[in-house]
Structure formats: structure tokens, C-alpha cells
S.K.: 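To start, I am sharing the structure in question, which I have written as C-alpha cells.
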Amino acid sequence: MPAGELVSCRLPTAWGDFELHGLIDATTGHEHAALSMGPIADGAPVLTRVHSECLTGDTLFSLKCDCGPQLQGGLRAIATEGRGVLLYLRQEGRGIGLVNKIRAYALQQAGADTVEANRLLGLPDDARDYAMAATLLGKLGVQRVKLLTNNPAKVEALQALGIEVSERVPLRTPANRHNQAYLKTKTDRMGHWRPDADTPAAGAADEQHER
């Protein structure tokens, strides 16, 4: 498949039928994906989740982060609305890669928080790049988004890339004893908005069954 060519197929999931799209980044060779549902190229704001790959949380069901529940919550929210898109960007560990992420986890195990661990390794707090998010949205015909996120930097990044963020939609997921400190660090040191703990979590229902 040539780089830059969008390929698509139908993908049935636990939350309904989506269209799965794939795209190769011509610069890096990384393969990125998107899941869409309903008419998204009509010019109206589209409920959108920009999700960065997290092998440990998305696939291995780690309780150290909130990535798995955020992924499930995003798909559930789109299915509930009947229209939306979830972008799955291949930038593991906030862009530092899987092996460095494991190194950072070992430092966290010794007492560092997620920001301190990256800095001890000489790595940025967050190395993600959202250019491919803008590229994917453009190829899907999405011009305006209702962004499903708790991260203000994500809103700013998309706006800087020419994507109109018409609304920021909170993504509420349940905390657990393993990720409470991590979530607090994201709020206190990385400026993330704190999810409303009094509101039912988007990814909580049927979590045990799905896992």
C-alpha cells in the first residue's frame, strides 16, 4: 500500500459496526488507524477521540493508567451518538516508545511520578505529535470536531493544525488504586482537566465482561 493512501473496511465491534481506516505516514512509515461511524463528512461538528497507542493499557489491560478505559469509553460514546470518529495514533508512551515506557515504569516503581521518570531518562514529558491526526481527519472529510478529551494540550494542538474544535467533551473513566497517583500527576503537573468523579464513567459499564 502506498504511503498516504487511505484504505477502509467494515469492522464489527462490541459497540456496533464501525468503518476501519488505515494510513501509512510517508515520513515515519508508521501505520495509523481510525474508526468511524455514521456520516462524518457533512460539515457538522463530529464527536472525535484522538487516542495514542498504549499496548499496556489498551491490550494488556494494565491498571497503571486510564488508557484502556478511555479507548473503550471513546468507542462507546461514539456508538451512543451514532456518529463520530476515533483516531488511533501509533505513538506509544506519550511518544517515547514501548521500551522507554517500561524503563519509566521501573523508575515509577522506585518512587518517581510519570513526569519525573521521563525526565530522569532525559525524555520529554510528552513527545506526541498530532500532525497525523489532522491528516486523517482531512482524508475523512472532517473539518470540525467535538473533542473527547481531558487534555488541553490536545485541543491546542489540533487548533494549531487547522482543525476547528467547536466543543470539548469530558472523557470520564473510573480511577483505581493503581492509577490514582498517575491521574493526580496528570492533573497537577501536566494540566489535564480532572474528570468529574460524581458522573458515571464512560468506560465503566460492562468493563468486567469486556476485559
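Residues: numbered from 1 along the sequence shown.
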S.K.: Hey, are the side chains of H32 and D25 touching, using non-hydrogen atoms and a 4.5 Å cut-off?
M.R.: yes
S.K.: Indicate the atoms forming the closest heavy-atom contact of V50 with A133, along with that distance.
M.R.: CG1-CB, 4.2 Å
S.K.: Is it true that a side-chain atom of N150 and a backbone atom of P170 form a donor plus acceptor pair closer than 3.5 Å?
M.R.: no
S.K.: Strictly by ring-ring contact (aromatic ring centres under 6.0 Å, His included), give each pair with a member in residues 99-134 just once, sequence neighbours left out.
M.R.: none
S.K.: Excluding sequence neighbours, so at least two apart, what forms side-chain hydrogen bond (donor to acceptor under 3.5 Å, both in side chains) with E53?
M.R.: R90
S.K.: Say you draw a straight line from CE of M132 to OG1 of T135; how long is it, rounded to the nearest 0.5 Å?
M.R.: 5.0 Å
S.K.: Hey, could you give me each pair passing side-chain hydrogen bond (donor to acceptor under 3.5 Å, both in side chains) that has a residue in residues 41-50? Not counting sequence neighbours.
M.R.: D42-R83, R49-H51, R49-Q70
S.K.: Heavy atoms, side chains only, cut-off 4.5 Å: are R94 and N118 in contact?
M.R.: yes
S.K.: Give, for atom CG of L136 and atom CG of L87, the distance between the pair rounded to the nearest 0.5 Å.
M.R.: 5.5 Å
S.K.: Could you work out, with side-chain hydrogen bond (donor to acceptor under 3.5 Å, both in side chains) as the rule, every residue matching E19, not counting sequence neighbours?
M.R.: none
S.K.: Once side chain to side chain contact (heavy atoms under 4.5 Å, CB included) is applied, do any residues pair with N100, and if so which ones, sequence neighbours excluded?
M.R.: I96, R103, L123
S.K.: If every non-hydrogen atom of V46 is compared with every non-hydrogen atom of I40, which pair is closest and at what distance?
M.R.: CG2-O, 3.5 Å
S.K.: Decide yes or no for Q108 and K64: does some side-chain heavy atom of the first lie under 4.5 Å from some side-chain heavy atom of the second?
M.R.: yes
S.K.: Compare all side-chain heavy atoms of L86 with those of L148 and state whether any distance is below 4.5 angstrom.
M.R.: no
S.K.: On a heavy-atom basis, which atom in A33 and which in L20 lie closest, and how many Å separate them?
M.R.: CB-CD1, 4.3 Å
S.K.: For H21 and S8, work out which heavy atoms get closest and say how close.
M.R.: ND1-OG, 2.7 Å
S.K.: Can you name the nearest heavy-atom pair linking G73 to L171, along with the distance?
M.R.: C-CD1, 4.2 Å
S.K.: Using the side chain to side chain contact (heavy atoms under 4.5 Å, CB included) criterion, which residues pair with L55? Sequence neighbours excluded.
M.R.: T59, L60, E92, L98
S.K.: Residues in side chain to side chain contact (heavy atoms under 4.5 Å, CB included) with A134, at least two apart?
M.R.: L161, I163
S.K.: Quick one: CG on L71 to CG on D66, what's the gap to the nearest 0.5 Å?
M.R.: 11.5 Å
S.K.: How far does CZ of R144 sit from CD of E164, to the nearest 0.5 angstrom?
M.R.: 4.5 Å
S.K.: Treat each ILVMFWY residue as a node, draw an edge where side-chain heavy atoms are under 4.5 Å apart, and state whether L107 and I102 are in one component.
M.R.: no
S.K.: Might you point out which heavy atoms bring A112 and A117 nearest each other, and give the distance in Å?
M.R.: CB-N, 4.0 Å
S.K.: Test: ring-ring contact (aromatic ring centres under 6.0 Å, His included). Region: residues 138-157. Which pairs qualify, not counting sequence neighbours?
M.R.: none
S.K.: Side chains of R128 and N151, heavy atoms from C-beta outward: is any pair under 4.5 Å?
M.R.: yes
S.K.: When rounded to the nearest 0.5 angstrom, what is the spacing between CG in L147 and CD in Q159?
M.R.: 9.0 Å
S.K.: Applying salt bridge (charged side-chain N to carboxylate O under 4.0 Å, His left out) as the test, list every pair that has at least one member in residues 7-17; sequence neighbours left out.
M.R.: R10-D17
S.K.: With V85 as reference, evaluate L137, I78, L35 under the side chain to side chain contact (heavy atoms under 4.5 Å, CB included) test and give the passing residue.
M.R.: L137
S.K.: Please list, chain by chain and in numerical order, all residues satisfying side-chain hydrogen bond (donor to acceptor under 3.5 Å, both in side chains) with T56, sequence neighbours excluded.
M.R.: K101
S.K.: Looking at residues at least two apart in the chain, or sitting in another chain, which of them share a side chain to side chain contact (heavy atoms under 4.5 Å, CB included) with T80?
M.R.: R76
S.K.: May I have all residue pairs that pass ring-ring contact (aromatic ring centres under 6.0 Å, His included) and include part of residues 135-156, sequence neighbours excluded?
M.R.: none
